[in-house]
Amino acid sequence: MKTHNLGYPRMGSHRQLKRACERYWAGRITNDELQSTARTLRHQHWQLQQEAGIDLIPSNDFSFYDQVLDMTLAVGAVPERYAPLQGREEITDLDLYFAMARGYQRDDLDITAMEMTKWFDTNYHFIVPEFQRDQTFQLTSTKILDEFNEAQAMGIVTKPVIIGPVTYLWLGKEKEGDFHRVELLDRLLPVYHQILKSLVEAGAVYVQLDEPCLANNLSERERQALQVAYQSFQQKFPQLKIILANYFDCYGDNLSTALSLPVHTLHLDLVRCPSQLDDILDSGKLPEKTTLSLGVVDGRNIWKNDYEQSLQPIRQTTNRIGTERVMIAPSCSLLHAPADLNSESGTSKISSIRPWLAFAKQKLTEVVTLSQLAQIEDRTQQPAYQENQRAIQTRRDSPLVHRTEVQQRMATVTEADAQRQSPFAHRKVQQQSLNLPQFPTTTIGSFPQTKEVRQQRAKFKKNEITEEQYLSFLHQETERAIRWQEDVGLDVLVHGEFERNDMVEHFGEQLEGFAFTELGWVQSYGSRCVKPPIIYGDVLRPTPMTVEWTTYAQSLTPRLVKGMLTGPVTILQWSFVRDDQPRATTCTQIALAIRDEVTDLEQAGIRVIQVDEPALREGLPLHQADWGEYLRWAVQTFRLATSSVSDETQIHTHMCYSEFNDIIESIAALDADVITIECSRSQMELLDTFADFQYPNDIGPGVYDIHSPRVPSETEIVQLLEKAQAVLPASQLWVNPDCGLKTRGWNETKHALEAMVSAAQQLRQSISEPV
Ligand code: GLN
Ligand code: ZN
């Protein structure tokens, strides 16, 4: 029974790769120095996997930016616009690569970056391949072979990990011409053949081809493409042992396709989809020689594996097909888990839950131990097993996890709790008491987090300034923001969020049931990493979280100040969550905590409250068949969080980063009085969705892109709003930027918001005196 790993986090336990890349971009280290950091990390990671006892160790899981972009370079799918960079002597391949990832603005060139989007349902972002009708492919990078050789020089014959051809095409976008990207397969395959040939010649025995497109709804054409690709690999390389890896969900409707592909091993994500094992074993379609790779160790979470639970499917499989045809693995690449629990210091805030956790490095040991335990009779006598089961048992019974008061409260929740007092039409009349003009103006919550704000926070954390000093600084910033907004002439003000570093962490830190790591970083995109909180127990809000800052801001001005909260789905989505109860249950607990905050804000005199849900759409399951169930509880938890208030209190929500067409019905079901959405980049096209649906409540389509320092003109904003007015009644429209302003500078923000306020005034006039 072999063990293998699908991929290891590449950043290094202290984010060494991030630092090296960023220093290289800033021109502070050379290409050689960057390469040397990268090599050191690869060697460390191979070595620690070898020491853990993993049989098949991955290579080519390393990347300077993103594995999909690596593939784009490998097959030479470099978009036209980078041509000026190619063939220039001073621009290395690495510079071209980074230019594709990040854009290139130097000399007289200004080339935009390639688009980035989420890797399936993870928070990892990949660089989207761009294809043209006349697209050609040619082998242009030797990275895959180089890394194989590099490991071999250390005495390790790795298993190269390569994105499969169909998934590679599937993830891309047709940029020009009328065609379907899967049609490009015939042209792409020869490059894959070249890559595989070079690996076989170098001595590769196994190769892992990742085809997670299989966890999605595929068309017949796409299934056919898989057949073509894998038949060709089998024909050309009959000796090569191909591990076909699908993860993040079931094979689902694609199961019989997967079973018919001529591969050596089929990998199953048994964490996300345990039921597929029975389907496969009972299908009678598993080819006689195919090996099953059982992904029993969760690659996307931080919990210690429950050995007894994992050994069941392993035993079940070995009983049916024998030990030789079984491999043990993590459910997916460990890229999505933090690197090493041992990097957490003794004073880490996770110390009380530490025995329950396993990060990437610890997961390797779990994989190996499981394969050993599966092959001995008396596992219960083994110390590793006993220790594991003790930890699992303590977690199961721990009072840190189970809080009676939360359980009791959960039991009393009724349907009515998720229902505002009156329907929107009635509330809208009641909310006229807010005295807002037509086209009311507002912002999304945060104002520039300047260097000074971040410095003061860092100093406070390091005890270099007192709490009193820090708070007085924050008060000063908040007051400045209020005066500033009054000057600009906004209608609904915000306090500015200067006290927050992150919209989830800020709430997690004040809630019970959450823990924070010191170094639990996970790559989000390029050099950017996030440190998700760990939700380990029943969620409880011991005291109000935002009331002080909001009421302080409100006390400074006669204008309305909007309370600012993060919604339950977003908090859930951006955390490591409990695996001992359904996500919906955890989300409901968070919703109750937010609900209490909403209630307290209202009681403290705050009349407008925003509950942000930017992550609502990204929580959608991969299989469309599962969408309904998710959306049902996602909507319900939002409503539970926001429905305690009276009709006069106005609830806002905010969403960004996504297309909403698919889920417009659910957005309407949130029943927020106002939704502000990211819209400006798609030039209000999104509004058609809202118009077609006859979305009933108020909408603030973002009128300018806050992701760029560019200041929009008043005319531009007026034009956008006119577009909006053409499809939606003016009485429904709000005027606001498309997201929070924390990444912007004050100066550009001032000009932009002034233009926005003038645009709103211009529209008000044109409505009151029609021509
Ligand atoms: N209120 C948050 C802010 O303004 C919303 C952030 C977001 O949408 N991601 O920063
Ligand atoms: Zn946003």
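Just so you know, ligand 1 is whichever comes first in the structure, and atom 1 is the first atom listed for that ligand.
Using cut-offs of 30° and 60° on the angle between ring planes, the pair W549 and H475 is tilted. Taking the six-membered ring where the residue is Trp, F120 and F248 present tilted rings, their angle falling between 30° and 60°.
Ion pair K742/D502 not flagged as a salt bridge, since none of the NZ, NE, NH1 or NH2 atoms sits closer than 4.0 Å to an Asp/Glu carboxylate oxygen.
The shortest side-chain heavy-atom distance between C679 and D738 does not fall under the 4.5 Å cut-off. With a 4.5 Å cut-off on side-chain heavy atoms, Q455 and T450 do not count as touching.
Note that R300 lies outside the cation-pi zone of F576, set by a 6.0 Å cut-off to the ring centre and a 45° limit from the axis.
Below 4.0 Å from some heavy atom of H654 lie the following atoms of ligand 1, by number and element: 8 (O). Against a heavy-atom cut-off of under 4.0 Å, C739 is close to the following atoms of ligand 1: 7 (C), 8 (O). Within ligand 1, counting atoms from 1 as listed, the ones closer than 4.0 Å to a heavy atom of E497 are 1 (N), 2 (C), 3 (C), 4 (O), 10 (O). When each atom of ligand 1 is checked for a heavy atom of G740 under 4.0 Å away, the hits are 3 (C), 4 (O), 10 (O).
Nearest to atom 5 (C) of ligand 1 among the protein's heavy atoms is D612 OD2, 3.4 Å. Among all non-hydrogen protein atoms, the one lying nearest atom 9 (N) of ligand 1 is Y657 OH, 3.3 Å.
Protein contacts to the Zn ion (ligand 2) involving N, O or S atoms at a distance below 2.8 Å are H654 NE2, C656 SG, C739 SG.
Residue contacts with ligand 1, taken as heavy atom pairs separated by less than 4.0 Å, involve M503 solely via side-chain atoms from C-beta onward.
Taking distance alone, with nitrogen or oxygen atoms compared against 3.5 Å, I444 approaches ligand 1 more closely than that limit.
In R480, the CZ atom is not crowded: 12 or fewer heavy atoms of neighbouring residues, nucleotides or ligands sit closer than 6.0 Å. More than 12 heavy atoms of other residues, nucleotides or ligands shown are found within 6.0 angstrom of CD on E486.
Distances from atom 3 (C) of ligand 1 to the heavy atoms of G445, A615, S446 show the closest one on S446.
Screening Q732, K428, Q650 against D698 for a side chain to side chain donor-acceptor pair (under 3.5 Å) leaves a single residue, K428. Screening R744, H751, K750 for a side chain to side chain donor-acceptor pair (under 3.5 Å) with E748, the sole residue that qualifies is R744.
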